[in-house]
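Reading through the structure tokens given below for one structure.
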Amino acid sequence: DKYTGMAEAKSFSVGQRVQIKEKGHTGVIAFIGSTDFASGKWIGVNLDESLGKNDGTVKDRRYFECEQNHGIFVRQSQVVVIDDAQESAKLPKTTRTSGLRLPSSQSKSLRTPSPRPSPPTPRKGLTPEPEKEKPKEKVVEVEAVVSAPVSGVLGEESAGGGSAQDFKEKLLVLHSKRQADKTKLKELEKYKLLYQQMSEYKSKWSSSQSDLQQQLKISKKESKEALEAKENMENEMVELNEAVEMATLDKEMAEEKCETLQQEIEALKEKNEELTLDLEIIKSEINESGMEGAVTSAQTKQLEQQNVRLKEALVRLRDLSNQEKLETQALQKALEKQTASVKTLTALSEKLKVENVEAESMIDDLKDQLDAALGAEEMVEKLTDKNLDLEEKVQEKEETIADLEAMRERKSGSAG
């Protein structure tokens, strides 16, 4: 019977030989503790045969050493220590009625006449129902175990006398509790299914959360780069504005200087014309006066030299004027280029502002999704705790059923 030894102690140790209840596999405990792949306490078993799922390694982490397909992880409620079960079978059958005695008021209320329940089929003749769904296997087995002691005791009612009547009343109470246990078992199966769904939902949310975090990091990085580019553009715009102002001032100064040079050129032209007229007058006088004009030849030479110097000065002034014009034109072209660059940078700055606003809105959406994922993870943890509590309650009920079976065996022995 795979429910033999349900009442052994819950403490396990590495090296004990155990049997897995549902599958009937045997092996040695090689690991006890918490794991990374699921919460709670797990037991790693090194099976005698190649019926496991791993070699002691799950998700790239090794928990114990064993051959391939000889390792398996189970809960504490899924294993039975084989040595303890054998020793309990060899112990003398002593009476253990503590924990099953009813209060006097409840016992009196149960002694009132009530319709006798029809005895179910004995355990030896029980035909197992075909397995339709795997989650209902434990419920069918619990019903079979509890039905057998109830039918055996009810069949021995006439041989036991008054003690059999008390035992019958206790069994009726336990029968009602068994109905409640069936409800709890069904509820447990529902919670297990819900737990699996929430685990899948949690894994999906975890992957989605990691993707969202990566997108959030990328968005933050892009936002930071956009802000830095915006600051660089603003600095460049400030420098360009200063350069434009300096170019404008240089242009104004060049224009003023050009006007001054033009005025000087005009004045020198007028003076040159006057001197040319004076020279012509002097030459005509020399031609008319003859010898008397020789006296004034020195003056004429001086005037010619002065005229040459004036021409040279006039040429220099013209060259300076042309150079100033060229510089003015170059400054105008540079100013136009800088103006076009300022317009381009202004448009780029507006585009970066729009992208920054979009990145901030995306970051807010990602934060909201991250908060929703954290809330789903808390729900999964709560359901896990509730599932573990229900498993402990089921184990206690199974231990109670084992006690009832032992009591039935002792009662049948005493009646014989």
Side-chain angles (χ1 to χ4, degrees), residues 20-23 30-45 52-64 68-69 71-79 132-139 183-228 354-395:
I20 300 175
K21 297 177 183 178
E22 297 180 356
K23 300 180 179 180
F31 171 81
I32 299 175
S34 58
T35 61
D36 294 339
F37 58 84
S39 60
K41 190 173 183 181
W42 291 86
I43 294 179
V45 182
K53 298 181 180 179
N54 51 60
D55 60 347
T57 303
V58 179
K59 292 184 178 179
D60 298 332
R61 180 180 173 184
R62 179 167 291 280
Y63 297 94
F64 59 91
Q68 186 64 32
N69 295 330
I72 189 170
F73 287 87
V74 294
R75 294 287 187 180
Q76 295 182 9
S77 59
Q78 295 176 333
V79 295
K132 294 182 180 179
E133 294 181 0
K134 189 174 182 180
K136 297 181 179 180
E137 181 180 354
K138 187 176 289 186
V139 177
T183 305
K184 290 182 180 179
L185 286 172
K186 292 179 180 179
E187 195 173 313
L188 174 61
E189 297 301 329
K190 291 180 182 178
Y191 278 115
K192 282 185 177 179
L193 182 60
L194 183 60
Y195 172 71
Q196 292 176 356
Q197 293 176 353
M198 293 305 295
S199 298
E200 295 176 357
Y201 182 70
K202 179 183 177 182
S203 62
K204 291 180 181 178
W205 266 108
S206 298
S207 60
S208 176
Q209 181 180 355
S210 61
D211 294 338
L212 291 175
Q213 288 178 350
Q214 291 178 358
Q215 293 179 6
L216 182 60
K217 289 180 181 178
I218 295 171
S219 299
K220 286 183 178 179
K221 185 178 179 181
E222 292 178 352
S223 178
K224 186 178 180 180
E225 291 176 355
L227 291 174
E228 291 177 355
V354 174
E355 291 179 354
N356 190 16
V357 171
E358 292 177 354
E360 289 178 353
S361 62
M362 184 183 293
I363 289 171
D364 294 335
D365 295 337
L366 292 173
K367 287 181 178 178
D368 295 337
Q369 294 179 5
L370 185 60
D371 293 337
L374 293 175
E377 186 174 358
E378 291 178 358
M379 185 183 296
V380 170
E381 291 178 356
K382 291 180 180 178
L383 288 173
T384 303
D385 295 336
K386 194 167 184 179
N387 191 13
L388 292 175
D389 293 338
L390 287 172
E391 286 182 355
E392 291 178 356
K393 290 180 180 179
V394 169
Q395 187 175 2

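Residue numbers start at 1 and run along the sequence shown.
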Fill in the blank from the handout: What one should report as the nearest heavy-atom pair of K192 and E391 is CE-OE2, 3.9 Å
Exercise for the section: Rounded to the nearest 0.5 Å, what's the gap from OG1 on T35 to NZ on K41? Could you check? Expected result: 12.5 Å
Exercise for the section: Go through the structure and list residues passing salt bridge (Lys or Arg N to Asp or Glu O under 4.0 Å) with D55, not counting sequence neighbours. Expected result: R62
Practice task
Check R61 against D36 and note the closest heavy-atom contact, atom names and distance.
Solution key: NH1-OD2, 2.8 Å
Fill in the blank from the handout: The single option from I43, V45, V58 that satisfies side chain to side chain contact (heavy atoms under 4.5 Å, CB included) with F73 is V58
Completion exercise
When every non-hydrogen atom of N54 is compared with those of T57, the smallest separation belongs to CB-O, 3.6 Å
Problem - CD-CD distance between E225 and E355, expressed to the nearest 0.5 angstrom - result: 11.5 Å
Exercise for the section: Not counting sequence neighbours, which residues clear salt bridge (Lys or Arg N to Asp or Glu O under 4.0 Å) with D368? List them please. Expected result: none
Problem - Approximate separation, where rounding is to 0.5 Å, of S361 OG and N356 CG - result: 10.0 Å
Handout entry: Donor-acceptor pair, side chain of K21 and main chain of S77, under 3.5 angstrom
Key = yes
Exercise for the section: First locate atom CG of L188, then atom NZ of K184, and finally report the distance between them rounded to the nearest 0.5 Å. Expected result: 11.5 Å
Exercise for the section: Could you give me the CA-CA distance, side-chain angles and deciding distance for W42 and F37, then say whether ring-ring contact (aromatic ring centres under 6.0 Å, His included) is met? Expected result: CA-CA 10 Å; W42 291 86; F37 58 84; 5.5 Å; yes
Handout entry: Point-to-point distance, once rounded to the nearest 0.5 Å, from CD of E392 to CG of N387
Key = 10.5 Å
Fill in the blank from the handout: For M362 and S219, the nearest pair of non-hydrogen atoms, with its separation, is SD-OG, 3.4 Å
Handout entry: Any donor-acceptor pair under 3.5 Å from T384 side chain to V380 backbone
Key = yes
Fill in the blank from the handout: CD (Q214) and CG (L366) are apart, to the nearest 0.5 Å, by 11.5 Å
Practice task
For Y191, enumerate each residue passing the ring pair (Phe, Tyr, Trp, His ring centres under 6.0 Å) test, keeping only those at least two apart in sequence or located in another chain.
Solution key: none
